[in-house]
S.K.: 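Once you've had a glance at the structure underneath, I'll fire off some questions.
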Amino acid sequence: MTTDKKETAASDFIRAIIAKDLRNNKNNGRVVTRFPPEPNGFLHIGHAKSICLNFGIARENPGGVCHLRFDDTNPSKEEDAYVQAIQNDVKWLGFDWGDKLFYASNYFNQLYEYAVKLINMGKAYICSLSAEEIRQYRGTLTEPGKDSPYRNRSIEENLDLFSRMRAGEFAEGSHILRAKIDMSSGNLNMRDPAIYRILKVSHHRTGDKWCIYPMYDFAHCLSDSIENITHSLCTLEFEDHRPLYDWFLDVLKVHHPQQIEFARLNLDYTVMSKRKLMQLVDGGYVKGWDDPRMLTISGLRRRGYTPTAIRNFCRTIGIAKRENRIDMTVLENSIRDDLNVLAKRVMGVLKPLKIIIENYPEDQEEMLEVANHPKNPEMGSRMVPFCREIYVEHDDFMEEPPKKFFRLGPGREVRLRSAYFITCTRVIKDDNGLVVELRCTYDPASKGGSSPDGRKVKGTMHWVSARHGVRAEINLYDRLFTVENPESDKDKDFKEFLNPGSLVTLKDCIVEPSAAAINPGQQVQFERQGYFCLDSTSKQDNIIFNRIVTLRDTWTKIRKKQGVKQ
RNA sequence: UGGGGCGUCGUCAAGUGGUAAGACACAAGACUUUGACUCUUGCAUUCGUAGGUUCGAAUCCUGCCGCCCCAGCCA
């Protein structure tokens with residue numbers, strides 16, 4: 001079952017370009033895209049945008065394919081554990097690369113040959129300036145750079161030096177292969193960019209075979225070309241790199257994919273870069289890459305998000321070139337939409353308040369039938385135990401109820417969902433004056449939740465039998481940061497805006513027996529509270545739920561408004 | 001005094017010369033054994049701004065303003 005919104009076909013400027021190319025038979029009618037992550041961290045919701053775009057386009061076009069290619073040209077940052085996690089995440093999101101799994105490192109030999117070819121064409125040279133000197137020679141944003149004194153080495157010397165770089169004869173940083181383009185270009189990327197650097201680091205796939213590694217600009221365009229990619233989609237910050245992407249392919253006269261850039265995703269109240277997410281993980285601010293507060297794919301999965309919800313979210317936000325910052329409510333809405341249809345309803349009390357129903361026989365217990373879904377009878381019903389002692393939500397009782405509060409209060413009558421009407425007769429407090437227990441009476445005629453005399457009660461509350469309920473721990477998650485854009489303050493580190501209340505663990509929640517029996521990974525709705533799932537660390541004797549998202553809460557809004565007025 | 005982008009509702013986003021889609025948010029109301037869901041209604045005489053072309057401009061032209069990205073041997 002799925003709630004994918006296919007009826008609204010995605011349409012954006014990239015798909016428009018591709019459709020036009022197809023009409024003009026530009027690539028013999030082929031569409032080949034690729035998703036090219038660097039295996040240096042976990043995928044996040046921003047990557048999901050790119051995954052949905054690239055794999056989505058491939059899926060939408062007959063014969064379209066999307067490659068998964070690991071852009072592993074910097075072994076000092078990359079690990080095999082990340083390539084495994086990334087594959088897992090892409091699959092989980094619902095996409096399939098078939099046999100099109102590649103690595104830039106697969107092409108190291110070819111890339112090396114292309115570099116040699118460039119040298120032979122007089123289009124690349126070995127520069128022996130230090131990193132610092134290269135920076136100085138590069139010029140500034142407003143001033144042109146200067147030619148390297150090594151720029152006019154002979155082809156023979158360049159060839160010799162390059163092969164010796166490869167052979168490991170030189171120290172890191174002593175030499176570098178550069179493209180010979182234009183040191184006065186207004187585009188810094190064209191000022192003789194680095195192509196190969198010496199890195200005496202072993203690579204997660206090629207081991208110690210190489211001690212020189214190609215740079216992104218060189219490796220990426222050629223990898224695209226080698227794989228016969230037709231449309232190479234990337235984010236806006238690579239716009240400046242496109243002339244270089246084109247330069248390599250034009251000079252080498254090889255298949256030339258079209259690079260198209262789109263705006264990356266920004267979401268309220270979070271950060272969206274692998275570097276920053278890594279800081280949160282490494283600094284212990286969260287409990288790993290899959291911490292449910294993290295907007296990583298694995299974090300969202302553990303939190304209880306569905307692939308469908310994430311895909312729908314990506315469709316909703318669209319693809320364009322302007323900078324954007326999406327409301328968190330859009331993401332939340334996408335999971336509510338999906339789970340509203342799919343999730344079984346159960347009852348669970350987060351902050352228990354005990355009620356003793358004084359006119360309910362002490363030794364009586366009964367099973368009450370409760371529907372699993374209010375709109376979908378096919379989801380059936382279950383039997384829920386009821387007895388004289390029950391728990392209700394502490395927040396559902398107020399000793400002095402304000403206007404419009406239609407839950408429980410002294411002398412008030414409410415409905416217990418699918419059970420009975422009860423009336424509060426007495427409030428019991430502890431020494432500090434805190435309400436610790438309620439005494440009520442019930443109306444036996446109201447069994448099932450309606451009264452034969454037709455009288456109305458405004459409030460309906462969830463409840464759990466105290467004798468039968470199962471104790472559970474529940475993690476309530478809130479946004480990770482307290483401000484919309486934690487990265488906007490240039491004087492403060494983004495971590496200063498971490499929300500101390502982003503995780504609140506409730507240890508003494510009580511849930512109905514059937515809730516405790518759900519499968520890991522299955523989502524349920526605790527009525528009136530929100531959507532939850534079992535955490536991956538949940539055990540039979542220590543049940544742990546994660547709150548995925550709350551239900552929309554009009555009452556809280558009303559209360560806040562009343563608060564403002566007072 | 002460099003180069004590259006972008007400016008349409010609070011937030012996203014359609015629109016590509018014919019008179020401003022949709023989504024989220026928000027507001028009002030209906031329904032309701034979840035204050036949920038669902039439903040109804042409202043929400044840009046206006047498209048950064050000033051001119052120009054045109055019968056007609058968010059769409060074409062010009063000037064101006066604002067915002068973002070680029071000086072890794074990261075991707």
Side-chain angles (χ1 to χ4, degrees), chain A residues 8 11-12 16 36-38 40 71-74 76-78 127 129-131 134-136 138-145 172-178 184-191 193-199 213 215-217 219-220 234-243 261 263 268 274-275 315-334 336-337 340-341 345 347 370-371 373-375 404-407 415-419 421 446 448-450 457-462 525-530 550-559:
Chain A
T8 52
S11 138
D12 52 67
E38 184 189 13
N40 66 345
D71 224 333
D72 54 354
T73 56
N74 184 0
S76 63
K77 293 183 174 177
E78 298 152 5
C127 182
L129 254 20
S130 70
I134 285 182
R135 195 176 308 127
Q136 282 162 3
R138 185 157 34 227
T140 68
L141 291 177
T142 53
E143 295 162 311
E172 283 187 15
S174 58
H175 301 284
I176 191 172
L177 181 68
R178 290 227 257 170
S184 65
S185 172
N187 182 344
L188 297 252
N189 294 121
M190 300 301 270
R191 317 239 263 229
I195 301 177
Y196 263 93
R197 78 288 213 188
I198 300 170
L199 235 39
Y213 293 94
M215 298 289 291
Y216 165 85
D217 286 306
H220 199 89
C234 61
T235 45
L236 252 29
E237 65 269 27
F238 291 101
E239 220 151 15
D240 286 345
H241 295 245
R242 181 156 27 94
E261 310 84 10
D268 271 355
K274 273 194 266 186
R275 212 191 95 247
R315 188 191 339 274
T316 301
I317 60 175
I319 299 287
K321 292 193 75 162
R322 47 187 110 85
E323 295 290 336
N324 59 80
R325 176 154 231 102
I326 310 291
D327 279 359
M328 200 56 143
T329 54
V330 180
L331 215 211
E332 292 173 347
N333 186 59
S334 71
R336 286 194 190 107
D337 271 359
N340 177 43
V341 174
R345 273 57 171 172
M347 293 190 283
V370 183
H373 191 110
K375 295 262 170 90
K404 292 186 184 173
F405 182 87
F406 41 84
R407 277 110 96 146
R415 168 169 38 237
L416 293 178
R417 178 97 226 239
S418 302
F421 287 0
S446 65
S450 56
V457 290
K458 188 75 172 155
T460 299
M461 292 170 25
H462 58 283
Q525 182 194 105
F526 283 145
E527 294 210 33
R528 306 207 303 132
Q529 292 289 354
T550 62
L551 256 30
R552 279 204 192 85
D553 186 357
T554 309
W555 167 241
T556 297
K557 265 186 219 163
I558 293 169
R559 199 173 42 187

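So you know, we letter chains A, B, ... as the sequences are listed, proteins then strands, and number each from 1.
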S.K.: Nearest-nucleotide wise, let me know which of A:E239 and A:W555 is further upstream toward the 5' end of RNA chain B.
M.R.: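 The residue whose closest nucleotide sits nearer the 5' end is A:E239.
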S.K.: Using the P atoms only, state how far B:G10 lies from B:U45, rounded to an integer number of Å.
M.R.: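 It comes out at 10 Å once rounded to the nearest Å.
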S.K.: Could you check how far CG of A:L141 sits from C1' of B:C68, rounded to whole Å?
M.R.: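 Atom CG in A:L141 sits about 14 Å away from atom C1' in B:C68.
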S.K.: Using the C1' atom as the reference point in each nucleotide, state the distance between B:A57 and B:G52 in Å, no decimals.
M.R.: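 It works out to 11 Å between them.
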S.K.: Rounding to the closest angstrom, what is the interatomic distance between B:A36 and B:A50 at atom P?
M.R.: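 These two P atoms come out 44 Å apart once rounded.
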S.K.: For atom C1', what is the distance between B:A21 and B:U46, given to the nearest Å?
M.R.: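 Those two atoms are separated by 15 Å.
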S.K.: Counting Watson-Crick and G-U wobble pairs only, both distances under 3.5 Å, name the nucleotide matched with B:C39, or none.
M.R.: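 Here B:C39 is engaged in a pair, and the nucleotide opposite it is B:G29.
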S.K.: Nearest to the side chain of A:R322, which nucleotide is it out of B:C73, B:A25, B:A14?
M.R.: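 Among B:C73, B:A25, B:A14, the one nearest the side chain of A:R322 is B:A14.
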S.K.: Answer with base, sugar-phosphate or nothing: what part of the nucleic acid does A:N340 contact at a heavy-atom distance below 4.0 Å?
M.R.: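 Since only primed, P, OP1 and OP2 atoms lie under 4.0 Å of A:N340, the category is sugar-phosphate.
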S.K.: Could you check whether A:R325 gets within reach of a base, just the sugar-phosphate, or nothing at all, counting any heavy atom under 4.0 Å?
M.R.: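 Touches sugar-phosphate only.
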S.K.: Answer yes or no: side-chain N or O of A:H462 and base N or O of B:A36 forming a donor-acceptor pair under 3.5 Å.
M.R.: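 Result: no qualifying N/O pair found.
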S.K.: Can you tell me how far P in B:C60 sits from the matching atom in B:G5, rounded to whole Å?
M.R.: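 Looking at atom P only, B:C60 and B:G5 are 16 Å apart.
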S.K.: How would you label the contact of A:T554 with the nucleic acid (heavy atoms, under 4.0 Å): base, sugar-phosphate, or nothing?
M.R.: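 Counting heavy atoms under 4.0 Å across all strands, the contact made by A:T554 is with sugar-phosphate only.
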S.K.: Between B:A75, B:C12, B:C69, which nucleotide gets closest to the side-chain atoms of A:H241?
M.R.: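 Taking heavy atoms from C-beta onward, the closest nucleotide is B:A75.
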S.K.: Checking contacts here: which listed nucleotide (B:A75, B:U34, B:C68) is nearest the side-chain heavy atoms of A:P374?
M.R.: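 Of the candidates, B:U34 comes closest.
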S.K.: Is the shortest side-chain N/O distance from A:R197 to OP1 or OP2 of B:C74 below 4.0 Å?
M.R.: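 It does, given that an N or O in the side chain of A:R197 lies less than 4.0 Å from OP1 or OP2 of B:C74.
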S.K.: Would you mind classifying the nucleic acid contact of A:T460 as base, sugar-phosphate or nothing, using non-hydrogen atoms under 4.0 angstrom?
M.R.: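 Here A:T460 touches the backbone only, sparing every base.
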S.K.: Base, sugar-phosphate alone, or nothing: which one does A:R138 contact when heavy atoms must sit under 4.0 Å apart?
M.R.: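 Sugar-phosphate, backbone atoms only, no base.
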S.K.: Counting the atoms with a prime plus P, OP1 and OP2 as sugar-phosphate, which does A:T73 contact under 4.0 Å by heavy atoms, base, sugar-phosphate, or nothing?
M.R.: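 The answer is sugar-phosphate, as A:T73 gets under 4.0 Å only of primed atoms, P, OP1 or OP2.
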S.K.: What's A:R336 touching, base or sugar-phosphate or nothing? Going by heavy atoms closer than 4.0 Å.
M.R.: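 The residue A:R336 makes no contact with any strand.
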S.K.: Minimum heavy-atom separation for A:S185 and A:M190, please, with both atom names.
M.R.: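 Heavy-atom minimum between the residues: OG-CB, 3.6 Å.
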S.K.: Any non-hydrogen side-chain atom of A:L188 less than 4.5 Å from a side-chain atom of A:D240?
M.R.: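 A:L188 does not reach A:D240 side chain to side chain.
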S.K.: Check this for me: does the side-chain of A:Q525 come within 3.5 Å of the base of B:U34 through a donor and an acceptor?
M.R.: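 A donor-acceptor contact between them is present.
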S.K.: Between B:C6 and B:U41, how far apart are the two C1' atoms, rounded to whole Å?
M.R.: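 Result for the C1' pair: 36 Å, nearest Å.
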S.K.: Would you say the side chain of A:N187 and the base of B:G4 hold a donor-acceptor pair, judged only by whether the two atoms sit under 3.5 Å apart?
M.R.: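 No, the side chain and the base share no sub-3.5 Å donor-acceptor pair.
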S.K.: Testing A:R528, A:M347, A:R345 one by one against A:R417 for a side chain to side chain contact (heavy atoms under 4.5 Å, CB included), which residue passes?
M.R.: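 When side chain to side chain contact (heavy atoms under 4.5 Å, CB included) is applied between A:R417 and each of A:R528, A:M347, A:R345, only A:M347 qualifies.
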S.K.: Look through every strand shown and name the nucleotide pairing with B:A20 as Watson-Crick or G-U wobble, where both distances are under 3.5 Å.
M.R.: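 Pairing partner: none.
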S.K.: So if I take every side-chain heavy atom of A:I558 and compare against B:G4, B:G35, B:C74, which nucleotide ends up nearest?
M.R.: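 Out of B:G4, B:G35, B:C74, the nucleotide with an atom closest to A:I558's side chain is B:G35.
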S.K.: Checking contacts here: which listed nucleotide (B:A23, B:U34, B:C12) is nearest the side-chain heavy atoms of A:T316?
M.R.: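 So the nucleotide nearest the side chain must be B:A23.
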S.K.: Pick from A:K77, A:E78, A:K274: which one makes a side-chain hydrogen bond (donor to acceptor under 3.5 Å, both in side chains) with A:N40?
M.R.: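 The option that passes is A:K274.
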S.K.: Which nucleotide, in any strand shown, forms a Watson-Crick or G-U wobble pair with B:G2, with both distances under 3.5 Å?
M.R.: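 B:C70 is the nucleotide pairing with B:G2.
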S.K.: For B:C60, give its Watson-Crick or G-U wobble partner with both distances under 3.5 Å, or none.
M.R.: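 Matched B:C60 with B:G52 under the 3.5 Å cut-off.
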S.K.: If you look at every strand shown and take non-hydrogen atoms under 4.0 Å, does A:K557 touch a base, only sugar-phosphate, or nothing?
M.R.: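 Answer is sugar-phosphate: A:K557 comes under 4.0 Å of backbone atoms only.
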S.K.: Is there a side-chain contact between A:M215 and A:T73 in this structure, where contact means two heavy atoms from C-beta onward sitting under 4.5 Å apart?
M.R.: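 No, their side chains stay 4.5 Å or more apart.
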S.K.: Please state the P separation for the pair B:A27 and B:C64 - nearest whole angstrom.
M.R.: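 Result for the P pair: 43 Å, nearest Å.
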S.K.: With heavy atoms under 4.0 Å as the rule, sort A:H220 into base, sugar-phosphate or nothing.
M.R.: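 Contact class for A:H220: none.
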S.K.: Taking any heavy-atom pair under 4.0 Å as a contact, classify A:I198: base, sugar-phosphate, or nothing.
M.R.: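 No contact at all - A:I198 keeps every heavy atom at 4.0 Å or more from the nucleic acid.
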S.K.: Where the side chain of A:D327 is concerned, which of B:G10, B:C68, B:G72 is the nearest nucleotide?
M.R.: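 So the nucleotide nearest the side chain must be B:G10.
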S.K.: Out of B:C24, B:C69, B:C73, which has the shortest distance to the side chain of A:A131?
M.R.: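 Among B:C24, B:C69, B:C73, the one nearest the side chain of A:A131 is B:C73.
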S.K.: Of A:L188 and A:E143, whose nearest nucleotide on RNA chain B comes first from the 5' end?
M.R.: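 Result of the comparison: A:E143.
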S.K.: Distance check, P atoms only: B:G2 and B:G63, in whole angstrom units.
M.R.: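 My reading of the P atoms in B:G2 and B:G63 gives 15 Å.
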S.K.: Any base atoms under 4.0 Å from A:I176, or only sugar-phosphate, or nothing? Heavy atoms, all strands.
M.R.: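 Base: the residue A:I176, judged by heavy atoms under 4.0 Å, touches a nucleobase.
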S.K.: Considering every strand and a 4.0 Å limit on heavy-atom distances, what is the contact class for A:A320: base, sugar-phosphate, or nothing?
M.R.: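 Since only primed, P, OP1 and OP2 atoms lie under 4.0 Å of A:A320, the category is sugar-phosphate.
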S.K.: For B:U34, does the base pair up with any side-chain atom of A:R415 as donor and acceptor (N or O, under 3.5 Å, distance only)?
M.R.: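 Checked by distance alone, the answer is no.
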